[in-house]
Amino acid sequence: MKNLKLALLSSAVTTSVLVLFYAFVLAKPDVDNFDNIIDSSDAQIKPVNSVQVNNSISNSRSTIITETVKKVNSAVVGINVTEIRQYRDIFSLDPFFRQFFGDRVYNQQVRSLGSGTIISPDGYILTNDHVAGNAVEAIVTLTDGSQYEAEIVGSDPVSDICLLKIDAKNLPYIEFGDSDSILIGEWVIALGNPFGLFDINDQPTVTVGVISAKGMNLGAANNRYYVDMLQTDAAINSGNSGGPLVNAFGQLIGMNTLIYTAQGSSGNVGVGFAIPSNKIKKVIKELKESGKIDRDFWTGLSIQTIDPSIAKAYDLKSSHGVIITNVAKNSPADKAGLKVYDIILGINHFKVNDENTLIGILQEFRPGDVIDVKILRDNKTLIKKMKLERK
């Protein structure tokens with residue numbers, strides 16, 4: 001019995017020692033970890049540095065698009081134009097009344113607006129001919145609110161390009177880019193004065209899209225020929241004409257010029273067109289030098305658009321192209337070896353769709369230029385070189 005009591009006592013002592021050991025050693029609080037927890041808690045309730053947070057948010061919102069807009073914004077201008085247009089009254093339109101009242105013609109002031117781009121620090125401004133080409137007064141408004149009366153250096157209705165000049169120095173301007181190197185799907189930014197909104201706060205409206213297509217031959221409209229155009233889905237509306245289309249680096253790669261609209265609508269539907277910058281550079285160089293474009297050449301060709309019956313007769317796969325109906329003797333076409341019934345498919349890199357397209361393509365060249373004429377003759381494709389000569 002005595003041994004049993006000693007055993008129980010020894011067991012109780014051992015248990016007490018283990019409990020005390022666990023309490024003071026194994027279960028000791030992790031003071032370091034607890035301090036970290038306290039420190040972490042303290043960090044969470046420290047006052048927030050609002051300046052740093054705002055800067056961080058602002059930096060995260062800044063993109064190449066926003067930086068480009070900031071770079072080119074001040075080189076975009078609004079243009080308010082006054083034209084004098086003539087009109088006849090109702091009696092002059094009718095031959096019967098005209099013999100009694102005469103041909104009565106009246107002048108009327110017409111005001112319109114558009115956009116423009118400063119392209120040099122000394123005040124040269126690019127816009128469309130249909131914006132300012134016939135202006136008797138053109139007032140240019142800059143983004144700082146200052147206004148200048150612009151002089152027309154030269155305007156070319158055929159290409160729809162107009163060059164203005166204001167008397168100012170050290171102006172912000174947009175540099176030209178290479179429109180031939182543009183990629184389909186590349187980001188572009190259109191800036192301008194749609195619906196006269198520039199007049200509200202002297203700032204251009206910005207829209208963003210991509211290059212949808214290039215090399216678009218759109219034919220003629222009001223004796224203007226739109227050839228090799230850039231297509232974009234960046235929103236272009238009435239008043240945007242003449243404004244810049246820039247790439248992500250802030251380079252001018254086109255001038256916003258026209259749009260396609262849905263039936264019964266005059267607004268943007270995502271199909272807009274711009275004149276490519278490489279064509280613009282060539283035209284404005286000539287306008288600076290002589291104030292006009294020299295297209296005084298002839299070809300000696302008579303042509304006809306290919307219709308389905310002609311395509312069937314010649315067993316053509318499509319009706320694209322024009323057929324030669326006459327070649328003047330000793331003309332550039334005659335010297336190039338072109339013949340009646342040859343089918344013209346292209347000029348240099350331009351594709352010929354119909355008669356209007358061919359006429360528009362020829363406007364791209366100047367006297368003395370030698371062009372490659374791609375023809376179909378006896379089911380064979382040939383290239384004939386033709387020199388554009390003065391008549």
Rounded at 0.5 Å granularity, tell me how far [atom1] in [X] sits from [atom2] in [Y].
X    : Y    : atom1 : atom2 : result
Q251 : S181 : CD    : OG    : 8.0 Å
K165 : I152 : NZ    : CD1   : 14.5 Å
N193 : N237 : CG    : CG    : 11.5 Å
N73  : T66  : CG    : OG1   : 12.0 Å
Y225 : D156 : OH    : CG    : 12.0 Å
K374 : I343 : NZ    : CD1   : 12.5 Å

Working note: E67 + S62, criterion side chain to side chain donor-acceptor pair (under 3.5 Å); need CA distance, chi angles, decisive distance, verdict. CA-CA 7 Å; E67 291 302 310; S62 178; 2.7 Å; yes
So which heavy atom on [X] is nearest to which on [Y], and how close?
X    : Y    : result
P172 : A75  : O-CB, 3.7 Å
D202 : G145 : OD2-CA, 3.3 Å
P276 : S179 : CB-OG, 3.5 Å
D296 : P367 : O-CG, 3.7 Å
T325 : I303 : OG1-N, 3.7 Å
V77  : T117 : CG2-N, 4.3 Å

Look only at the side chain of [X] and the backbone of [Y], and say whether a donor-acceptor pair between them is shorter than 3.5 Å.
X    : Y    : value
S115 : G239 : yes
S319 : A311 : no
D334 : G337 : no

Do L245 and V72 share a hydrophobic cluster (ILVMFWY, side-chain heavy atoms under 4.5 Å, transitive)?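 No, separate clusters.
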If hydrophobic clusters are built by linking Ile, Leu, Val, Met, Phe, Trp and Tyr wherever their side-chain heavy atoms come under 4.5 Å apart, do Y124 and M255 end up in the same one?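 The answer is yes; both residues are in one hydrophobic cluster.
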Just wondering, do [Y] and [X] contact through their side chains at under 4.5 Å, heavy atoms?
X    : Y    : result
E364 : I347 : no
I280 : F176 : yes
N240 : T207 : no
W298 : S331 : yes
W187 : T68  : no
L301 : V322 : no
I371 : L388 : yes
I293 : V158 : no

[atom1]/[X]: more than 12 non-hydrogen atoms of other groups inside 6.0 Å:
X    : atom1 : answer
F273 : CZ    : yes
N201 : CG    : yes
K281 : NZ    : yes
D144 : CG    : yes

Any side-chain donor paired with an acceptor under 3.5 Å for [X] and [Y]?
X    : Y    : value
T143 : Q203 : no
T357 : D354 : yes
D180 : N278 : yes

Can you tell me which residue pairs pass the side chain to side chain donor-acceptor pair (under 3.5 Å) test with a partner in residues 126-139, sequence neighbours excluded?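 Counting only pairs at least two positions apart or across chains, the side chain to side chain donor-acceptor pair (under 3.5 Å) contacts touching residues 126-139 are N128-T257, D129-S155, D129-R224, H130-D160, H130-S241.
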Check this for me: does any side-chain nitrogen of one of D294 and R390 sit under 4.0 Å from a carboxylate oxygen of the other?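 Yes, D294 and R390 are salt-bridged.
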Regarding E289 and K285, does a basic nitrogen lie under 4.0 Å from an acidic carboxylate oxygen?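 A salt bridge links E289 with K285.
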Verdict with reasoning, D369 to K387, per salt bridge (charged side-chain N to carboxylate O under 4.0 Å, His left out): CA-CA 6 Å; D369 287 348; K387 184 176 181 178; over 6 Å; no
Assess the residue pair D342 and R377 against the criterion (salt bridge (charged side-chain N to carboxylate O under 4.0 Å, His left out)); give the C-alpha distance rounded to whole Å, side-chain angles, the decisive distance to 0.1 Å, and a yes or no. CA-CA 5 Å; D342 285 346; R377 178 190 293 171; 2.7 Å; yes
Would you please classify the geometry between the Y314 ring and the Y341 ring as parallel, tilted or perpendicular, with 30° and 60° separating the classes?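 Rings of Y341 and Y314: tilted, as their planes differ by 30° to 60°.
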With side chain to side chain contact (heavy atoms under 4.5 Å, CB included) as the test, pick out the partner of I375 among I383, I344, V352.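 Checked I383, I344, V352 against I375; only one passes side chain to side chain contact (heavy atoms under 4.5 Å, CB included): I344.
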